[in-house]
Amino acid sequence: MIRLTNRQARQFMLLKHGLLGEYKFAGKQGILDFVRQTGCIQYDPIDVCGKNAELALLSRIKGFNMNMLHEVLYEDRSLVDYPDKNLAIIPVEDWPYFERYRRAARQHAERYPDMQALTEQARDHIQKFGALSSDDLKLDGKFAWRSVIHWSGGNNSSRSVLEQMYATGELIIHHKKGARKYYDIAEKYIPANLLNSPEPLPDELDHQKWRVLRRIGAVGLLWNRASDAWLNIRGLKAAERNEVFRQLLNEASIMAVTVEQMKDMLYCRSEDLPLIEAVLNNPEPEYRCELIAPLDSLIWDRKLINNLFGFDYTWEIYTPAFKRKFGYYVLPLLYGENFIGRVEAVAERKAGRLVVKNIWFEDGVVQTKELRTALDDCFQRIARFNGCETIAVPDLSD
């Protein structure tokens, strides 16, 4: 069993995520390295000062710019859009591990006999004309359904059919324009050895072990309790989760970690022991200031973050305006080893201006010269990413 102080636990998580000290990840290779470490990054189309996946990478990848993720996803095809922790971006080599979900989607479609004719129309159209969105596809017939994956097809037949074909793996997302998805035939882009690979872990328990281990690696430290970190792992109820943890411990795939003043046991991947040993050797890494994406893997478990960092964060985007404590799209602000506040920033790209509408510092935060310099560097990175030349920041003077 590993024993850590609260500070050591925070340092370990932040160093693993590449959010403390020198940048751990750089360039397009850094994107691949981080996504492979975390398993997936969540996709969300809302773009206020960058989409969620972009903000997650911007805080970690040295030299990250607006084009890099698009290139890795839609030109290099080293990553692929597919549901994991909700809508997500995963390494293309993980494609075979999700065959059970594609099979479930095919079985689900059998309940809708009208789907087959519409699917054939869509298939013929894509083979003839190439990648398209639901707005480009006019089908002869109406069809409404509820998708087996994460969204409803509603009353739009074209969207329903394309999302079904995407769920089964016949189509992939070829590219996106804003929030609009364009689909094309998967076999054009997924290597044959992956597309036709048998499911690597056909046993349900083995599959759950793979996914739980992957999620632990994504966060760094996790506990065996109900958590948003386990979202979309099918069949993982408390009894199954307990058995998964028992087996992973017996196999020494994970290690138990106690943290001072925390009641619950935490767990890390055994492969992370060298990083824990480095933390135990009392490193004093350089401080950085970063804005953290609202669906960042670091904060998948908000209760855990509150326990470790004393930071209570709620993404209020779906909260009615009159009930919001802060704002519509407010991001956690990380400085060094602590969350020191939250920021609401809006990129006015046509005007070339980043507007920092508000900064809410946590109680006890002292606005030192070093902090203000780091904060300015952080806003400069956000501005450059969004193509903004000027920054409007509220008066931070006491």
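Along the sequence shown, the residues carry numbers beginning at 1.
Residues Asp376 and Thr373 bring no donor and acceptor atom of their side chains to less than 3.5 Å of each other. A side-chain donor from one of Thr38 and Ser297 sits under 3.5 Å from a side-chain acceptor of the other.
Applying the side-chain hydrogen bond (donor to acceptor under 3.5 Å, both in side chains) test to pairs two or more places apart or on separate chains, none has a residue in residues 302-311.
Every residue was checked against the salt bridge (charged side-chain N to carboxylate O under 4.0 Å, His left out) condition with Lys24, not counting sequence neighbours, and none meets it. Remark: Trp300 engages Gln42 in a side-chain hydrogen bond (donor to acceptor under 3.5 Å, both in side chains) (not counting sequence neighbours). Residues meeting the salt bridge (charged side-chain N to carboxylate O under 4.0 Å, His left out) test with Lys188, sequence neighbours left out: Asp184. Taking the side-chain contact (heavy atoms from CB on, under 4.5 Å) definition, one finds that Arg246 meets it with Glu243, Asn250, sequence neighbours left out.
Look at Arg102 and Glu170 and you find no salt bridge, because none of the NZ, NE, NH1 or NH2 atoms lies under 4.0 Å from a carboxylate O. At a threshold of 4.0 Å, the pair Asp296-Arg60 counts as salt-bridged, since one of the basic side-chain nitrogens sits closer than that to a carboxylate oxygen. Using a 4.0 Å cut-off between charged nitrogen and carboxylate oxygen, Arg381 and Glu290 count as a salt-bridge pair. Using a cut-off of 4.0 Å between Lys/Arg side-chain N and Asp/Glu carboxylate O, Arg106 and Glu99 are scored as salt-bridged.
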If you look only at distance, which donor and acceptor atoms sit under 3.5 Å apart when one is on a side chain in residues 221-228 and the other is two or more places apart or in another chain?
from, atom 1, to, atom 2, distance (Å)
Trp223, NE1, Asp301, OD2, 2.8
Asn224, OD1, Arg241, NE, 2.6
Asn224, ND2, Asn242, OD1, 2.9
Arg225, NH1, Asp264, OD2, 3.2
Ser227, OG, Ala229, N, 2.9
Ser227, OG, Asp301, OD2, 2.6

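Residues Glu362 and Phe339 fail the side-chain proximity criterion, which asks for heavy atoms closer than 4.5 Å.
A centroid separation of less than 6.0 Å is found between the aromatic rings of His175 and Tyr182.
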Go through the steps for Tyr82 and Tyr166 under the test ring pair (Phe, Tyr, Trp, His ring centres under 6.0 Å), then give the verdict. CA-CA 9 Å; Tyr82 200 73; Tyr166 170 64; 5.8 Å; yes
